[in-house]
Visitor: 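One structure is given below, represented as structure tokens, and several questions about it will come after.
As the structure is a prediction and not an experimental result, all values here were calculated from the model.
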Amino acid sequence: MAAHQEVTMYDDEVRSRYGRLEKMTDLVAVWEVALSDGVHKIEFEHGTTSGKRVVYVDGKEIIRKDWMFKLVGKETFPVGASQTKATINIDAVSGFAYEYTLEVNGKSLKKYMENRSKTTNTWVLHLDGEDYRVVLEKDTMDVWCNGQKLETAGEFVEDGTETHFSIGNHDCCIKAVSSGKRREGIIHTLIVDDCEIPESVE
């Protein structure tokens, strides 16, 4: 009798392990998208037998289609505070192999990130035991910190502009100065408590 119970327990354990394994094998793609309000993780599950499609953004399920006759196609959904449009394309490569590509605002992720590096500056800093990610959107001069758009005050100075804001009780300023070279354009520098913070590459 005791031996039989042990076997039943073992069966349940195997079943739950198999269930978890089955769920994980449907995860076919993971992307990280750096937006002004933070770096977002996009996960995509695609069941090639049932056609199931599940999209997670930052661990939260936002699309679930359990039975899909058509295995190829696309899923479009918003990401981040600015509701940036993202699309996962599902294409058949050969036989039962599929390719998954992510587009952000109609551009491939690579192109989007290249374009973003031209239109934004990002700094990562450690203050009072916490990590902060500061993003400047050059076209609007909006400043974001850890997912929040900050209140800023801009002023013209002798050699360019200064955008002032605070993080906690720290005075921060982004200085915009012309490089004097047409190709480089304007150089943006983050100053926190009179110290220059090096720019991060995402």
Visitor: With side-chain contact (heavy atoms from CB on, under 4.5 Å) as the criterion, how do K52 and H46 come out once you've worked through the C-alpha distance, each side chain's angles and the decisive distance to 0.1 Å?
Guide: CA-CA 5 Å; K52 175 183 84 170; H46 187 219; over 6 Å; no
Visitor: Side chains of M141 and L136: closer than 4.5 Å at any heavy-atom pair?
Guide: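 Answer yes - side chains close enough.
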Visitor: Measure up the Y100 and Y98 rings against each other and bin them: parallel (under 30°), tilted (30 to 60°), perpendicular (over 60°).
Guide: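 Judged by the thresholds at 30° and 60°, the geometry between Y100 and Y98 is tilted.
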Visitor: Measuring from atom CG of N121 to atom CD1 of I186, what distance do you get when rounded to the nearest 0.5 angstrom?
Guide: 10.5 Å
Visitor: Does I88 reach the side chain of I42, with side-chain heavy atoms less than 4.5 Å apart?
Guide: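 Yes. Closest side-chain heavy atoms under 4.5 Å.
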Visitor: With a 4.5 Å heavy-atom cut-off, do Y112 and T84 have their side chains touching?
Guide: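 A side-chain contact exists here, since the closest heavy-atom pair is under 4.5 Å.
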Visitor: So, E162 and K175, do they make that salt bridge, N to O below 4.0 Å?
Guide: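 Yes, charged N to carboxylate O under 4.0 Å.
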Visitor: Does a sphere of radius 6.0 Å around CG in D66 hold more than 12 heavy atoms from other residues, nucleotides or ligands, not counting ones at 6.0 Å or beyond?
Guide: yes
Visitor: Give a yes or no on whether I191 and L127 share a hydrophobic cluster (residues Ile, Leu, Val, Met, Phe, Trp, Tyr; joining criterion: side-chain heavy atoms under 4.5 Å apart).
Guide: no
Visitor: Taking E45 first and then R53, would you say they form a salt bridge - that is, a charged N and a carboxylate O separated by under 4.0 Å?
Guide: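 Looking at R53 together with E45, the answer is no, because their closest N to O distance does not fall below 4.0 Å.
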Visitor: Around atom CD of E61, are there more than 12 heavy atoms from other residues, nucleotides or ligands closer than 6.0 Å?
Guide: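 Correct, the count exceeds 12.
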Visitor: Do V28 and M68 share a hydrophobic cluster, counting only Ile, Leu, Val, Met, Phe, Trp and Tyr and linking them when any side-chain heavy atoms are less than 4.5 Å apart?
Guide: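 Cluster IDs for V28 and M68 differ.
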Visitor: Compare all side-chain heavy atoms of K111 with those of N115 and state whether any distance is below 4.5 angstrom.
Guide: no
Visitor: Determine the minimum heavy-atom distance between L35 and R133, stating which atoms define it.
Guide: O-NH1, 2.9 Å
Visitor: Any donor-acceptor pair under 3.5 Å linking the side chain of D171 with the backbone of D193?
Guide: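 Not a single qualifying donor-acceptor pair exists.
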Visitor: For the atom pair CD (E199) and CD1 (I187), what is the distance rounded to the nearest 0.5 Å?
Guide: 10.5 Å
Visitor: Should the pair K107-E103 be classified as a salt bridge under the 4.0 Å nitrogen-to-oxygen rule?
Guide: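 Salt bridge flag = no for E103 with K107.
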Visitor: State, with a plain yes or no, whether a side-chain heavy atom of E114 is found less than 4.5 Å away from one of R116.
Guide: no
Visitor: Given V54 and I63, is the side-chain contact (heavy atoms from CB on, under 4.5 Å) satisfied, shown in steps?
Guide: CA-CA 5 Å; V54 187; I63 292 177; over 6 Å; no
Visitor: Is any side-chain heavy atom of V143 less than 4.5 Å from a side-chain heavy atom of I174?
Guide: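 The answer is yes; the side chains approach within 4.5 Å.
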Visitor: Verify, without hydrogens or angle tests, whether S200 (side chain) and V124 (backbone) share a donor-acceptor contact under 3.5 angstrom.
Guide: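 Confirmed, S200 side chain pairs with V124 backbone.
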Visitor: Provide the closest heavy-atom pair for D131 versus N146 in the form atom of the first, atom of the second, distance.
Guide: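 It is O-ND2, 3.1 Å.
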Visitor: Ignoring hydrogens and geometry, is there a side-chain-to-backbone donor-acceptor pair from S166 to G168 under 3.5 Å?
Guide: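 Answer holds: no.
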Visitor: Mind listing the closest non-hydrogen atom pair of I90 and L71 along with its distance?
Guide: CG2-O, 3.3 Å
Visitor: Can you tell if the side chain of V134 reaches within under 4.5 Å of the side chain of F165, non-hydrogen atoms only?
Guide: yes
Visitor: Assess the residue pair T120 and E137 against the criterion (side chain to side chain donor-acceptor pair (under 3.5 Å)); give the C-alpha distance rounded to whole Å, side-chain angles, the decisive distance to 0.1 Å, and a yes or no.
Guide: CA-CA 5 Å; T120 61; E137 292 182 350; over 6 Å; no
Visitor: In terms of side-chain geometry, is the basic nitrogen of E75 or K65 positioned less than 4.0 Å from the acidic oxygen of its partner?
Guide: yes
Visitor: Applying side-chain contact (heavy atoms from CB on, under 4.5 Å) to D128 and N169, what does each step give before you reach the verdict?
Guide: CA-CA 10 Å; D128 307 325; N169 50 11; 4.1 Å; yes
Visitor: How long is the span from the CH2 atom in W144 to the CG atom in D142, to the nearest 0.5 Å?
Guide: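 Those atoms lie 7.5 Å apart.
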Visitor: Apply the test side chain to side chain donor-acceptor pair (under 3.5 Å) to residues E155 and H164: give CA-CA distance (whole Å), side-chain angles for both, the deciding distance (0.1 Å), then the verdict.
Guide: CA-CA 8 Å; E155 66 171 319; H164 296 271; 2.9 Å; yes
Visitor: Looking only at heavy atoms, what is the nearest atom pair of W123 and I197, with distance?
Guide: CD1-O, 3.4 Å
Visitor: If you measure from CG on L190 to OH on Y132, what distance do you get to the nearest 0.5 Å?
Guide: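 Going from the CG atom of L190 to the OH atom of Y132 covers 13.5 Å.
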Visitor: So do the side chains of L109 and L102 get within less than 4.5 Å of each other, counting heavy atoms only?
Guide: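 Yes, close enough: below the 4.5 Å cut-off.
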Visitor: Can you tell me how far the CG atom of D37 sits from the NZ atom of K149, to the nearest 0.5 Å?
Guide: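 Going from the CG atom of D37 to the NZ atom of K149 covers 11.0 Å.
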Visitor: Determine the minimum heavy-atom distance between R64 and Y56, stating which atoms define it.
Guide: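 The pair with the smallest heavy-atom distance is NH2-OH, 3.9 Å.
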Visitor: Identify the two heavy atoms, one from L150 and one from C145, that lie closest to each other, and give their separation to 0.1 Å.
Guide: CD1-CB, 3.7 Å
Visitor: Which distance, rounded to the nearest 0.5 Å, do you find between the CG of L125 and the CD1 of I167?
Guide: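 Separation between the atoms: 5.0 Å.
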